[in-house]
Amino acid sequence: MRKTKMDVDRIVALVTAAGIELTDRRRSAKGDGWSLSFSNGAAVEVGDDGSARVAGKGAKAVAKLLDLPTAPRGS
């Protein structure tokens, strides 16, 4: 698995350029990153440390755009 530091603005730009609308952007509950929601059902958690995790209904499409693995179900 390739570790790439992700930037919240870069993620939004890449996903929206593919035609998937950003529906929500807010600071995480712990205040250590961002929680992004997209119109295809994908959710991306982006840490201030550059970590990123993709989950949700549209996770595969978004993970492919970002060259990231999808989170296992139930996590």
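Basis for what follows: all heavy atoms, side chains included, without hydrogens, waters or symmetry-related copies. Computed from a predicted structure; not experimentally measured.
- Counting only distance, with no hydrogens or angles, the side chain of Ser37 and the backbone of Thr23 share no donor-acceptor pair below 3.5 Å.
- Looking at every heavy atom in both residues, Ala18 comes nearest to Leu65 through CB-CD1, 3.6 Å.
- Pairing each heavy atom of Leu22 with each of Thr16, the nearest pair is N-CG2, 4.0 Å.
- With sequence neighbours excluded, the residues forming a side-chain hydrogen bond (donor to acceptor under 3.5 Å, both in side chains) with Ser28 are Asp32, listed by chain and number.
- Of the options Leu68, Leu14, Ile20, a side-chain contact (heavy atoms from CB on, under 4.5 Å) to Val62 is made by Ile20 and by none of the others.
- Residues in residues 43-52 take part in these salt bridge (charged side-chain N to carboxylate O under 4.0 Å, His left out) pairs, two or more places apart or across chains: Arg27-Asp48.
- Considering all non-hydrogen atoms of both residues, Val46 and Val8 come closest at CG1-N, 4.1 Å.
- Residue pairs satisfying the side chain to side chain donor-acceptor pair (under 3.5 Å) criterion with at least one member in residues 57-66, sequence neighbours excluded, are absent.
- The two residues Ala59 and Ala42 make their nearest non-hydrogen contact at N-CB, 4.0 Å.
- For Asp9, the salt bridge (charged side-chain N to carboxylate O under 4.0 Å, His left out) test picks out Arg25, with sequence neighbours left out.
- For Ala63, the side-chain contact (heavy atoms from CB on, under 4.5 Å) partners two or more places apart in sequence, or in a different chain, are Val54, Thr70.
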